Amino acid sequence: MARIQELPESERPRERMLRLGAKSLSTAELLALFFRVGGVGYSAVDLGNALIERFPTLNHMARASIDELTSVRGIGKAKACELAAAFELGQRFAAERSTNKPLNSPMLVEALLGHEMRSLNHEHLRVLLTDTRHQLIRAEEISRGSVNESIAHPRDVLRPAILAAAYGMILVHNHPSGDPSPSSADIQLTKRIQEAAELMKIKLIDHVIIGTRSNHRPGYFSFRENGQL
C-alpha cells in the first residue's frame with residue numbers, strides 16, 4: 001500500500017476528514033490519524049489495518065491488554081497506552097452524557113455503563129444508587145466473578161445503599177460471552193436482593209445485564225422490562 005504522503009491530496013485521511021468530516025473515514029483511517037505515522041515499510045493506515053486484522057471489532061480492541069496490543073507489529077508501549085487512553089476517554093464521555101439524566105430506563109443504564117462493561121473480560125457486578133428522583137448518587141462495584149459467574153451476598157449489595165441513604169438501586173452486571181440472557185443464578189440473585197431490599201425499605205428498580213448488541217437484541221437484558229421485577 002502507498003504511504004499516505006504518496007496518495008493524491010484529496011484521498012489522504014486528514015484532508016478527507018477536513019472536507020467531509022470524520023464519518024467519511026474508515027476505522028483504519030481514523031486509527032491512522034490517531035497514530036500519525038507508521039514505520040519502515042508500512043503506513044499509518046497499514047498499521048490501522050493490522051490492528052483491525054488482529055482485533056476485528058472496536059469492542060475487541062478496547063478489551064485488549066497493553067501486552068496484546070503490543071503484539072501487533074508497529075505498536076509499541078507508547079502507542080498501546082495512547083490507544084487504551086483513547087478508549088477510556090470514550091467510555092467516560094459516554095458515561096458523562098448520562099449522569100445528568102434520571103436513570104428511569106434500562107437504555108440510560110446501558111448508556112452509562114455499557115461501553116465500559118463490555119470491555120471487561122470477567123463478570124463484574126455493580127450497583128447504581130439513586131435518590132427519589134432516580135438521579136444517580138454514585139456507582140459502587142460489588143464483586144468481580146469468573147468469566148461466567150458473579151457472586152454477591154445481599155448484605156454486600158445493600159451496604160452501600162444503606163450508607164448512602166439511597167431511595168433505590170439498580171443492579172448491573174456484564175456477560176463477557178455477549179449474550180445478556182439471565183442465567184438461573186442471575187434470576188436467583190435478583191430475587192434474593194429484591195426480598196432483602198424490601199425489608200430495608202430500599203427499592204430495587206431494575207437489574208440490567210450488559211451483553212453485545214446485535215440486529216436481534218439491544219445489547220442488554222432488563223428484569224423490569226421483561227416483567228421479572
Side-chain angles (χ1 to χ4, degrees), residues 1-98 110-124 126 139 141 144-148 172-180 210-215 217-220:
M1 183 175 178
R3 296 181 69 81
I4 289 176
Q5 58 265 39
E6 296 171 355
L7 294 172
E9 189 169 326
S10 62
E11 295 180 19
R12 297 174 188 173
R14 184 179 299 161
E15 284 69 20
R16 288 210 352 263
M17 182 173 176
L18 289 171
R19 191 173 72 256
L20 301 172
K23 292 187 184 299
S24 68
L25 303 185
S26 68
T27 300
E29 289 172 324
L30 289 170
L31 287 166
L33 283 181
F34 178 77
F35 290 130
R36 298 183 299 280
V37 295
V40 178
Y42 58 92
S43 70
V45 176
D46 292 332
L47 190 53
N49 280 317
L51 266 173
I52 293 168
E53 186 176 343
R54 174 71 173 79
F55 308 103
T57 67
L58 290 174
N59 185 43
H60 282 95
M61 209 177 291
R63 292 170 68 167
S65 67
I66 297 297
D67 286 343
E68 289 171 327
L69 291 171
T70 55
S71 70
V72 176
R73 180 189 175 217
I75 304 293
K77 287 186 178 179
K79 280 188 171 70
C81 287
E82 289 170 357
L83 189 59
F87 279 119
E88 178 62 25
L89 283 171
Q91 290 168 2
R92 294 187 187 190
F93 171 67
E96 190 177 86
R97 293 173 65 187
S98 306
E110 190 272 341
L112 179 66
L113 290 178
H115 288 283
E116 179 187 358
M117 296 193 77
R118 285 190 185 97
S119 71
L120 302 172
N121 292 317
H122 298 274
E123 284 199 11
H124 288 232
R126 297 182 184 176
E141 182 163 86
R144 302 182 184 190
S146 64
V147 171
N148 57 14
V172 189
H173 85 275
N174 61 309
H175 279 179
S177 67
D179 182 359
I210 302 294
T212 303
R213 294 191 188 100
S214 73
N215 293 331
R217 61 190 183 213
Y220 66 83

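Please read all numbers here as calculations on a predicted model, not as lab measurements.
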Which atom names give the shortest non-hydrogen contact between [X] and [Y], and what distance separates them?
{"X": "Leu25", "Y": "Leu30", "value": "CD1-CD2, 3.9 Å"}
{"X": "Arg213", "Y": "Pro218", "value": "CG-O, 3.3 Å"}
{"X": "Ala28", "Y": "Asn49", "value": "CB-OD1, 3.3 Å"}
{"X": "Ile66", "Y": "Ala84", "value": "CD1-CB, 4.1 Å"}
{"X": "Phe35", "Y": "Lys79", "value": "CD2-CD, 3.6 Å"}
{"X": "Glu68", "Y": "Phe55", "value": "O-CZ, 3.6 Å"}

In Å, rounded to the nearest 0.5 Å, how long is the span from [atom1] of [X] to [atom2] of [Y]?
{"X": "Glu116", "Y": "Glu88", "atom1": "CD", "atom2": "CD", "value": "6.5 Å"}
{"X": "Thr212", "Y": "Asp179", "atom1": "OG1", "atom2": "CG", "value": "9.0 Å"}
{"X": "Leu113", "Y": "Leu120", "atom1": "CG", "atom2": "CG", "value": "10.0 Å"}

Tell me whether [X] contacts the main-chain N or O of [Y] through its side chain, where contact means a donor paired with an acceptor under 3.5 Å.
{"X": "Arg118", "Y": "Gly219", "answer": "yes"}
{"X": "Asn174", "Y": "His124", "answer": "yes"}
{"X": "Arg16", "Y": "Ser24", "answer": "yes"}
{"X": "Arg144", "Y": "Glu123", "answer": "no"}

Compare all side-chain heavy atoms of [X] with those of [Y] and state whether any distance is below 4.5 angstrom.
{"X": "Ile75", "Y": "Leu47", "value": "yes"}
{"X": "Leu112", "Y": "Val172", "value": "no"}
{"X": "Leu51", "Y": "Leu83", "value": "yes"}

| field | Glu110, Arg126, His175 screened by side chain to side chain contact (heavy atoms under 4.5 Å, CB included) with Ile210, the one that passes | value | Glu110
| task | Please indicate whether Glu141 has more than 12 foreign heavy atoms, meaning atoms of other residues, nucleotides or ligands, lying under 6.0 Å from its CD. | result | yes
